[in-house]
Amino acid sequence: MIPLESIRCCLEGAVPASIATCAPDGTPNIALLSQVHFVDSAHVALSFQFFNKTRENVLAYPHALVQVVDPNDATHYRLSLQYLRTETEGPLFESMKAKLAGIASHSGMSKVFRLQGSDIYRVLDIEQVPGPHGQAPESQHVQIGAVRQFAQQLAQFRDLESLLDAVLANLETLFDYRHSMVLMHDEAGQCLYTVASRGYSSSGVGSEIALGEGIIGVAAQQHTPIRINYMAREYQYSHAVRQSIAADNPDCMLESEIPLPGLPESHSQLAVPIQLGDQLLGILYTESP
């Protein structure tokens, strides 16, 4: 069997996966998946948001076939899965919930488009689908030396302003993160306010975002990092659901859409809480076009 770790790039959501299930009477059903989440070397998780035909089939017959695509060389893989359980709490559920909440918040769907559970599947087999494919680019490895250099440089600063400037400068020079900002937590106002930024046409210092708004606000509210790759496609999926609900239910009150902070056309985002123990101090946020 092909190791699940070797095809993790297929699970980042660049190309939508598809899932095939079967009803008790033998009727097949195929649907698109937003993303297949890596759990460990033998398990994946799928988000349970709506009680649709796929979930109905899996609860009756706990087997599914998922096809994923390598975004680098277009190689297709088939995963034979066995449904085990649905988790509604814990680190995995909270991480998936926070990511979905961040996307839903931006598109005004937080009251409708939310995670009900994380469906855990055992990976029984992985096979490569026969067919032509391209050549994958050389893999990029984490530069441990750059991380060490980053930590050493930050240790020499004694005032907050110099420290924040150094954080953002080093993110760019050492890791090529060119658009970043630091927001601090205002406990009294239940919001985050920008104290430093780099790479934007305007600094945005002093701008605020409420807890629970966008991936920055949700990452702060949930005290968990959120990383969204191929963000444009994720938001398009959420927009499509929003439009469908609005068309079928004209009287349904959906939230106003919140404009994305920073880059006008951001395609990936990462928000990481800055914490002291359980106390939230702020958020480090970076994005890329």
Side-chain angles (χ1 to χ4, degrees), residues 1-101 103-104 109 112-133 227-230 233-238 240-241 244-245:
M1 185 178 85
I2 298 172
L4 185 60
E5 291 92 335
S6 67
I7 62 167
R8 284 197 64 171
C9 62
C10 303
L11 312 182
E12 294 286 358
V15 181
S18 56
I19 181 170
T21 58
C22 189
D25 65 359
T27 304
N29 182 75
I30 298 177
L32 290 178
L33 292 170
S34 175
Q35 194 170 350
V36 181
H37 296 260
F38 178 89
V39 177
D40 56 38
S41 60
H43 300 87
V44 295
L46 307 181
S47 59
F48 165 37
Q49 297 160 231
F50 312 104
F51 191 85
N52 53 19
K53 189 62 178 177
T54 295
R55 182 168 176 81
E56 181 182 336
N57 287 350
V58 165
L59 293 179
Y61 179 71
H63 291 273
L65 196 66
V66 168
Q67 184 157 297
V68 296
V69 181
D70 188 323
N72 298 309
D73 61 11
T75 304
H76 289 55
Y77 298 91
R78 278 196 293 259
L79 284 65
S80 298
L81 307 179
Q82 179 185 14
Y83 171 74
L84 299 178
R85 64 187 183 277
T86 298
E87 295 185 358
T88 56
E89 60 183 6
L92 174 64
F93 172 76
E94 292 301 329
S95 176
M96 294 175 66
K97 176 183 175 183
K99 176 178 177 180
L100 186 63
I103 297 170
M109 293 283 290
V112 178
F113 201 67
R114 61 179 182 268
L115 189 69
Q116 298 189 50
S118 300
D119 289 343
I120 310 300
Y121 289 79
R122 176 182 291 116
V123 180
L124 303 177
D125 190 28
I126 301 176
E127 60 176 335
Q128 181 177 331
V129 179
H133 56 83
R227 177 173 63 95
I228 301 178
N229 282 356
Y230 311 102
R233 193 189 60 75
E234 299 269 14
Y235 285 130
Q236 286 170 0
Y237 180 74
S238 181
V241 175
S244 176
I245 291 175

Check: residues 122-131 side-chain donor-acceptor pairs under 3.5 Å, at least two apart:
from, atom 1, to, atom 2, distance (Å)
R122, NH1, Q82, OE1, 3.1
E127, OE2, R78, NE, 3.2

Quick one: closest heavy-atom pair of Y121 and L81, and the distance?
-> CD2-CB, 3.7 Å

List for me each residue that meets side-chain hydrogen bond (donor to acceptor under 3.5 Å, both in side chains) alongside S6, sequence neighbours excluded, and say none if there are none.
-> none

What is the distance from atom CG of L79 to atom CD1 of I2, rounded to the nearest 0.5 Å?
-> 9.0 Å

State the NE2-CZ distance between H43 and R85, to the nearest 0.5 angstrom.
-> 6.5 Å

I19 pairs by side chain to side chain contact (heavy atoms under 4.5 Å, CB included) with which of L65, L32, N57, T54?
-> T54

Where the side chain of H76 meets the backbone of A74, is there a donor-acceptor pair that is under 3.5 Å apart?
-> yes

Shortest non-hydrogen contact from M96 toward S118 | SD-OG, 3.3 Å

So D119 and V58, side chain to side chain contact (heavy atoms under 4.5 Å, CB included) or not? Walk me through it.
-> CA-CA 10 Å; D119 289 343; V58 165; over 6 Å; no

Within the distance-only criterion (no hydrogens, no angle test), does the side chain of N52 pair as donor or acceptor with the backbone N or O of R55 below 3.5 angstrom?
-> yes

Give the minimum heavy-atom separation between L4 and S41, together with the two atoms involved.
-> CB-O, 3.7 Å

Would you check, one step at a time, whether the test salt bridge (charged side-chain N to carboxylate O under 4.0 Å, His left out) holds for E56 with K53?
-> CA-CA 5 Å; E56 181 182 336; K53 189 62 178 177; 3.7 Å; yes

Exercise: identify the closest heavy-atom pair between V68 and A17 | CG1-CB, 3.9 Å

Taken to the nearest 0.5 Å, the spacing of S47 OG from H37 NE2 works out to 5.5 Å

Heavy-atom closest pair, residues V44 and V39 | C-CG2, 3.6 Å

Report the distance from atom CG of L33 to atom OG of S18, rounding to the nearest 0.5 Å.
-> 7.5 Å

So with a 6.0 Å cut-off around CD of E89, is the heavy-atom count from everything else above 12?
-> no

Interatomic spacing from CD in E94 to OG1 in T88 - rounded to 0.5 Å | 9.5 Å

How long is the gap from SG on C10 to CG on D73, to the nearest 0.5 Å?
-> 8.0 Å

Heavy-atom nearest pair, E87 first then F93, reads O-CD1, 3.5 Å

Please step through side chain to side chain contact (heavy atoms under 4.5 Å, CB included) for the pair D70 and I7, ending with a clear verdict.
-> CA-CA 7 Å; D70 188 323; I7 62 167; over 6 Å; no

